[in-house]
Amino acid sequence: MSTQGTALREGIATAISALVEPIGALAPGRLSAPDYIAALREVEDLGRLVDAARVALAGEAEKRTQGPIDTLGALGYASAVDAVATLTSAADRDAKRRIRVGESLNSGVSLTGAETGCAHPAIAASVFAGNLSIDVATILIDALDGVGNRVDDTVLLQAEEALVELAAGTPQHPPLRADLVRGQVQLFIEALDPDGVLPREELARRKRRFTIGRETSDGLIPVNGLLTLEVGASLKRLVDAHVRRVSFPDPDSMVEHVDDRLPQQKRHDTLADILSAAARVKDAPELAGSAPAITVTVTQAALDAGEGVGGIDGMDTPISVDAIERMIDSRGMQTVTFNPQGRVLSLGSVQRCFTPSQRRAINARDGGCVIPGCTAPAGWCEVHHVIPWREGGATHTDNGVLLCWGHHQSIDSGPWELSMPDGVPHVRGPGHWTWTHTTKSRFRPPSTPTG
């Protein structure tokens, strides 16, 4: 065994022996505040040193499979990744990352046995000193390697040293969190290689994609894709602007009611509002000669009874009558009559529940979703029958209110109630225990509450 190997293994054995008992007895809840803060930092210091050894050893694995003798292959391992993953119980992706980072940080050995430099000496020195985490080192390595063939080596090394100092910290400033390092690295890279932005954007445009999968047995449709920076940023900004945590204090119980949707559910509902608005624009593209519409099949008996299911054309999962009625509210309907054998007997005209003129009037009156605290603008909202259509509710401005997609889905199950005295929308619910007129219109102030 080599001297270096002996020293390393003895040090590891000593560390394990010293730590196994206190870590086994660790009860974080019993630590004082100063001990907790100190332990959190000191364990991280220890972890960075351990991670440095992990990547250094993993980075050697590929070399052990090359040359005249494949030492890992002789032991039955299929590859360097297989050896590292098996010996460490790590996932293959983690083994690959350790190998890649280790190869960038390890010094090489020449044919004469002399040590050669590594690809990123400043990063390596900081990692092996325990000052830089592997997560941050990976961010720096990936960014610098991406421009390495277009930037002078001296300039690149200066940038590497500056980034390591910024990320690892100095006595004058603390280290940066990994997510902040990523942003600073991008600024450095754009300054070093301003011409690299255009090729990167062109590559992004070629890789852009958006796919819609088949529905699952739960009635959910998976979506996946990669958006270009400007499209993704616009969508994110638009959605985030309306994904807010809204609370309504209850003056009686002093218990705060909050919108209990998860952030990802709020983003879904906001996207539904955007799609609903896009389908209504005047110059929306046509499909098969008419405006794009969802075809839903349901029996008249199910509609009359207000229970049962229907089916969406092209989808295997059934849809409830409740959902169909909400779609009729916002999209209208067309009656097709079949005989028992399935022959079309008659085709009714398209019935829009609320005409464009009625919708414009309701938009002007309500100014947006009438639920207090909701930020959905009028153009994104659907028009809802306060008295349900199947119960004889009139398709009239006095019976229609604006609701965003999310509130339209839940309006029948609470916690909000709607009424239309004198054709004016009133709501009752959390923080509004009396019937209260709310409007988002800039031209009509809300009226006073009514009992």
Side-chain angles (χ1 to χ4, degrees), residues 269 272-273 275-277 279-280 291 293-312 319-336 348-374 376-429 432 435-441 444 446-447 450:
D269 295 354
D273 292 338
L275 295 176
S276 179
R280 291 193 301 269
I294 298 173
T295 300
V296 180
T297 305
V298 64
T299 66
Q300 187 64 48
L303 278 181
D304 291 341
E307 58 185 24
V309 298
I312 297 178
I319 185 172
S320 70
V321 166
D322 285 346
I324 292 171
E325 289 181 340
R326 288 191 294 269
M327 295 172 70
I328 291 172
D329 264 357
S330 56
R331 296 173 176 85
M333 64 177 292
Q334 183 176 25
T335 302
V336 183
S349 60
V350 175
Q351 302 173 37
R352 298 300 303 179
C353 278
F354 288 92
T355 67
S357 297
Q358 288 175 317
R359 182 181 176 88
R360 285 193 293 271
I362 294 171
N363 285 0
R365 182 195 67 203
D366 297 349
C369 179
V370 298
I371 300 301
C374 184
W380 290 12
C381 291
E382 300 175 343
V383 183
H384 168 68
H385 282 82
V386 176
I387 299 174
W389 172 79
R390 64 178 167 82
E391 295 178 10
T395 302
H396 189 281
T397 55
D398 287 352
N399 190 45
V401 297
L402 294 184
L403 292 176
C404 69
W405 187 91
H407 285 120
H408 200 180
Q409 299 297 301
S410 61
I411 192 63
D412 292 330
S413 57
W416 296 99
E417 298 177 73
L418 297 171
S419 67
M420 295 289 292
D422 299 323
V424 178
H426 283 65
V427 300
R428 184 168 63 183
H432 297 265
W435 286 108
T436 305
H437 172 219
T438 60
T439 179
K440 313 296 169 57
S441 173
R444 285 178 54 90
S447 58
T450 58

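All values below were derived from every heavy atom in this structure, side-chain atoms included, with hydrogens, water molecules and symmetry-related copies excluded.
- Listed for the D366 side chain is no donor-acceptor partner under 3.5 Å among the backbone atoms of V401.
- One distance of note links CZ of R428 with OG of S419; it measures 7.5 Å at 0.5 Å rounding.
- Between R365 and P425 the shortest side-chain heavy-atom distance falls below 4.5 Å.
- In this structure, V424 and H426 approach most closely via the heavy-atom pair O-ND1, 2.9 Å.
- Contact check for L418 versus L403: side-chain heavy atoms found under the 4.5 Å cut-off.
- Closest approach of V383 to H408, counting heavy atoms only: O-CE1, 4.2 Å.
- Put simply, the side chain of C404 does not reach to within 4.5 Å of the side chain of D269, judged on heavy atoms.
- The two residues M420 and N399 come nearest to each other via the heavy atoms CE-N, 4.2 Å.
- What you find for G379 and R359 is that their closest heavy atoms are O-NH2, 4.1 Å.
- One distance of note links CH2 of W380 with SG of C369; it measures 12.5 Å at 0.5 Å rounding.
- Using a 4.5 Å cut-off on side-chain heavy atoms (C-beta onward), H385 and P388 make no contact.
- Residue E417 comes nearest to W435 through the heavy atom pair O-CZ3, 3.4 Å, listed as atom of the first residue, atom of the second, then distance.
- L402 approaches G368 most closely through the heavy-atom pair CB-O, 3.5 Å.
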